[in-house]
Amino acid sequence: MQHSRFLARAALSLALTAAMAAPALAVSGTVDTEGSTLRLRAEANTSSSVLRQLAHGTQVEVLSAVENGWYKVAAGEETGYVSGEYLKVSEQEVEGLPVEQEPVYIQVTTSVLNVRSGPGTGHDKVGQLNYGRVVKSTGAEDGWYQIEDGYVSAEYVSEVDAALASQSGKGQEMAAYALQFVGYPYVYGGSSPSGFDCSGLTSYVCKQFGYSINRTASNQLNNGVSVSKDQLQAGDLVFFRQNGSTKPASHVGIYIGNGQYVHASTPGVGVIISDLSDPYISNGYVGARRIAQ
């Protein structure tokens with residue numbers, strides 16, 4: 001399924017590149033919000049940041065159409081995206097507009113993914129992305145996604161929706177930072193790279209990003225805001241109560257995406273990555289808290 005989506009994206013990318021190479025006449029559009037305002041956004045989705053508010057009746061230059069029913073427009077000196085639902089524009093003129101592919105966001109599904117200067121392993125390595133990182137793709141070819149800094153193999157990423165992409169930020173950075181400690185030793189009471197216990201790891205990572213949280217798993221349940229399991233984002237703290245424990249929570253880790261979290265497990269195991277779907281873990285799941293807002 002993922003391979004089929006990639007081939008479709010690649011074919012569409014080539015078609016759109018050819019289409020957008022042709023010059024297009026300027027098309028005028030009028031904001032139609034019946035007395036309200038229209039949000040000019042940085043990307044063609046409601047999850048992206050708002051650049052400014054456009055008043056009803058505002059004239060804009062329509063630069064291109066997007067697959068998902070949005071338009072790229074120029075409002076004065078500012079360029080962004082607006083929903084076509086609230087923009088009056090001639091259907092005949094729209095037919096002549098270049099068409100943009102709907103933004104594609106990909107998430108890294110391997111521990112460390114190399115970024116190459118071209119679409120292939122024979123090209124120079126120009127950077128790396130950590131597990132769980134979400135980035136925008138600007139095209140696809142030969143089994144590779146093009147991103148802002150280069151190319152990454154389609155084999156080690158999965159496409160995600162715009163809502164998840166909008167969440168990438170400090171939480172993603174926290175998750176990526178925590179992953180560097182995989183393999184480090186478990187030390188009871190430890191809260192430094194010399195050794196961590198579960199809440200020592202979470203408190204140490206949060207501290208590096210300016211968040212001071214309580215020291216124990218149970219007390220960390222009082223930090224941040226509650227998050228439902230189906231709304232987990234990278235960087236959220238996930239809590240568990242192990243069999244026989246009378247504490248509100250006896251274990252904690254950092255969610256990294258794709259149903260997985262990183263945590264300081266036991267003295268014999270150290271810091272590892274685990275699945276939330278593991279029967280032992282899922283049965284003891286207590287809840288989650290979002291620290292990075």
Side-chain angles (χ1 to χ4, degrees), residues 9 12-13 15-107 133-139 145-149 159-173 210 224-228 230-236 290-293:
R9 293 287 186 187
L12 184 57
S13 178
L16 291 174
T17 298
M20 294 181 71
L25 298 176
V27 175
S28 178
T30 305
V31 173
D32 182 19
T33 51
E34 298 183 357
S36 182
T37 58
L38 177 61
R39 294 178 178 88
L40 179 70
R41 294 186 180 271
E43 300 286 350
N45 59 74
T46 57
S47 300
S48 64
S49 59
V50 177
L51 302 177
R52 59 180 288 196
Q53 302 277 357
L54 302 177
H56 175 70
T58 299
Q59 297 291 310
V60 297
E61 180 183 356
V62 185
L63 305 176
S64 60
V66 186
E67 290 178 320
N68 60 0
W70 287 57
Y71 292 107
K72 183 177 183 179
V73 303
E77 297 182 355
E78 200 157 25
T79 300
Y81 295 84
V82 297
S83 171
E85 184 177 356
Y86 305 105
L87 191 69
K88 281 187 176 179
V89 60
S90 164
E91 291 185 8
Q92 184 175 0
E93 290 181 319
V94 167
E95 292 178 358
L97 286 172
V99 179
E100 285 189 26
Q101 182 178 348
E102 185 176 354
V104 177
Y105 298 94
I106 53 176
Q107 184 172 39
R133 178 74 180 276
V134 177
V135 293
K136 182 180 177 181
S137 170
T138 56
Y145 282 101
Q146 185 174 9
I147 62 175
E148 182 178 1
D149 299 324
E159 292 186 10
V160 297
D161 60 26
L164 178 59
S166 71
Q167 297 159 4
S168 59
K170 187 159 287 189
Q172 284 280 352
E173 293 175 19
V225 296
S226 180
V227 182
S228 62
D230 62 351
Q231 295 295 318
L232 284 172
Q233 300 176 10
D236 290 344
R290 182 160 299 151
I291 305 300
Q293 299 297 312

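What you see is a predicted model, and the numbers here were worked out from it, not measured in a lab.
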Test item: V27 and E61 side chains (from C-beta on) under 4.5 Å apart, heavy atoms: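 A side-chain contact under 4.5 Å is absent here.
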Quick check: do T138 and I147 have side-chain heavy atoms less than 4.5 Å from each other?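 T138 vs I147: side chains apart.
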H56 side-chain N/O to S36 backbone N/O, donor-acceptor pair under 3.5 Å: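 Answer holds: no.
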Check for a donor-acceptor pair, side chain of S137 on one end and backbone N or O of Q146 on the other, with a separation under 3.5 Å.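 Yes; judged by distance alone, with no hydrogens or angles, the pair exists.
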L97 vs V99, test: side chain to side chain contact (heavy atoms under 4.5 Å, CB included). Steps then yes/no. CA-CA 6 Å; L97 286 172; V99 179; 6.0 Å; no
Which residues share a side-chain hydrogen bond (donor to acceptor under 3.5 Å, both in side chains) with [X], sequence neighbours left out:
{"X": "T37", "result": "Q53"}
{"X": "T30", "result": "Q59"}
{"X": "S228", "result": "D230"}

To the nearest 0.5 Å, how far apart are [atom1] in [X] and [atom2] in [Y]?
{"X": "Y145", "Y": "I106", "atom1": "OH", "atom2": "CD1", "value": "6.5 Å"}
{"X": "L38", "Y": "L87", "atom1": "CG", "atom2": "CG", "value": "7.0 Å"}
{"X": "S48", "Y": "L40", "atom1": "OG", "atom2": "CG", "value": "9.0 Å"}
{"X": "L54", "Y": "R52", "atom1": "CG", "atom2": "CZ", "value": "5.5 Å"}

side-chain contact (heavy atoms from CB on, under 4.5 Å) against A42, all qualifying residues, sequence neighbours excluded: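 Partners of A42 by the side-chain contact (heavy atoms from CB on, under 4.5 Å) criterion, ordered by chain and then number, come out as S49, L51.
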All N/O donor-acceptor pairs, side-chain side in residues 68-81, below 3.5 Å, sequence neighbours left out:
residue	atom	partner	partner atom	Å
N68	OD1	W70	N	3.4
N68	ND2	A44	O	2.8
Y81	OH	E100	OE1	3.0

Tell me, which pairs form a salt bridge (charged side-chain N to carboxylate O under 4.0 Å, His left out) where one or both residues lie in residues 32-46, sequence neighbours left out?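 Counting only pairs at least two positions apart or across chains, the salt bridge (charged side-chain N to carboxylate O under 4.0 Å, His left out) contacts touching residues 32-46 are E43-K136.
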